[in-house]
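I have placed the structure first, in the form of structure tokens, so that the comments after it can refer back to it.
In this text, all values refer to a predicted model and were calculated from it rather than measured experimentally.
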Amino acid sequence: MKHFSECLAKVVIVIDIMAEKTGAIISWLMVPLVFGLTYEVFARYAFNAPTIWAYDLAYMLYGSLFMLGAAYTLRQDGHIRTDIFYHRWSFRSKALVNLCCYLFLFFPGMIFFFIAGLDNAIHSWIILERSDYSPWRPPLYPFKTVVPLTALMLLIQGVSEFLKSLKIVLAGSRQ
């Protein structure tokens with residue numbers, strides 16, 4: 001049993017490191033987002049020459065940054081939680097609620113999100129989908145790939161969070 005526990009602890013460490021590293025990499029999407037928006041503002045107001053690509057660049061980069069950063073945010077316990085009662089509970093009670101929520105809400109939701117997003121992304125790649133909302137007509141298939149990738153990253157980080165809660169629940173039952 002001790003070997004199994006050590007193995008799970010290593011899995012948690014690897015997943016958490018992966019979330020930290022991908023979060024650091026994904027944060028670099030902020031650089032082209034800021035440069036693109038700065039260029040747009042400068043071109044629009046200094047030269048009266050707005051771009052046709054800045055809006056598309058902004059929503060795609062910001063959307064990707066927001067979505068792909070979700071697993072890192074989960075790792076940092078940064079997602080919003082209704083905290084009316086939760087903050088008053090013991091660590092074990094919180095862990096028990098977390099276990100149930102991950103098992104019955106989070107994992108099924110993320111699996112559905114992954115399957116639906118993957119189906120949509122594959123279709124988008126097959127037809128080489130492009131945006132109809134701007135004259136630039138940027139490709140949408142890389143952007144749509146962000147959805148299943150986000151779900152996969154959240155599922156992986158969810159496993160880590162589930163195992164952390166399980167450890168607290170099991171340790172509490174031996175005290």
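Ring centroid separation for the pair Phe42 and Phe47 comes in under the 6.0 Å cut-off. Checked against a 6.0 Å centroid threshold, the rings of Tyr55 and Tyr133 do not count as neighbours.
Looking only at side-chain heavy atoms (C-beta outward), Leu68 and Leu149 come within less than 4.5 Å of each other. A heavy-atom distance below 4.5 Å is not found between the side chains of Ile115 and Asp119. Under the 4.5 Å side-chain criterion, counting only non-hydrogen atoms from C-beta, Arg75 is not in contact with Met18. A heavy-atom distance below 4.5 Å is found between the side chains of Val159 and Phe107. In this structure, Glu161 and Asp16 have side chains that are in contact, with non-hydrogen atoms separated by less than 4.5 Å. Between Leu8 and Val12 the shortest side-chain heavy-atom distance does not fall below 4.5 Å. Contact check for Ile127 versus Tyr141: no side-chain heavy atoms found under the 4.5 Å cut-off. Using a 4.5 Å cut-off on side-chain heavy atoms (C-beta onward), Tyr72 and Ile26 make no contact.
With hydrogens and angles disregarded, no donor-acceptor distance shorter than 3.5 Å links the side chain of Arg130 to the backbone of Pro138. Side-chain atoms of Gln157 never come within 3.5 Å of backbone atoms of Ala19 as a donor-acceptor pair (strictly under, hydrogens ignored). For His123 (side chain) and Leu118 (main-chain N/O), no donor-acceptor pair under 3.5 Å exists by modelled atom type.
Ring pair Phe85/Trp89 is parallel by interplanar angle, where below 30° counts as parallel and above 60° as perpendicular. Using cut-offs of 30° and 60° on the angle between ring planes, the pair Trp53 and Tyr39 is parallel.
Between Leu166 and the options Leu99, Asn98, Leu96, a side chain to side chain contact (heavy atoms under 4.5 Å, CB included) holds for only Leu99.
Separation of atoms CZ (Phe162) and CZ (Phe106) is listed at 12.0 Å; rounding is to 0.5 Å. Summarising the geometry, atom CD belonging to Glu129 is positioned 5.0 Å from atom CG belonging to Leu140; distances are rounded to the nearest 0.5 Å. Between the CG atom of Asp77 and the NZ atom of Lys164 there is a distance of 9.0 Å, given to the nearest 0.5 Å. Leu155 CG to Phe113 CZ: the interatomic distance, rounded to the nearest 0.5 Å, is 10.0 Å. Note: Asp56 CG to Trp136 CH2 = 5.5 Å, rounded to the nearest 0.5 Å. Note that CD1 of Ile15 is 14.5 Å distant from NZ of Lys10, once rounded to the nearest 0.5 Å.
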Legend entry - Residues Ile126, Ile122; criterion side chain to side chain contact (heavy atoms under 4.5 Å, CB included); working and verdict: CA-CA 6 Å; Ile126 289 170; Ile122 289 170; 3.7 Å; yes

Inset, instruction - Go through the steps for Ser134 and Ser131 under the test side chain to side chain donor-acceptor pair (under 3.5 Å), then give the verdict. - result: CA-CA 7 Å; Ser134 81; Ser131 174; 4.8 Å; no

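A donor and an acceptor atom, one from each side chain of Trp125 and Thr145, are located under 3.5 Å apart.
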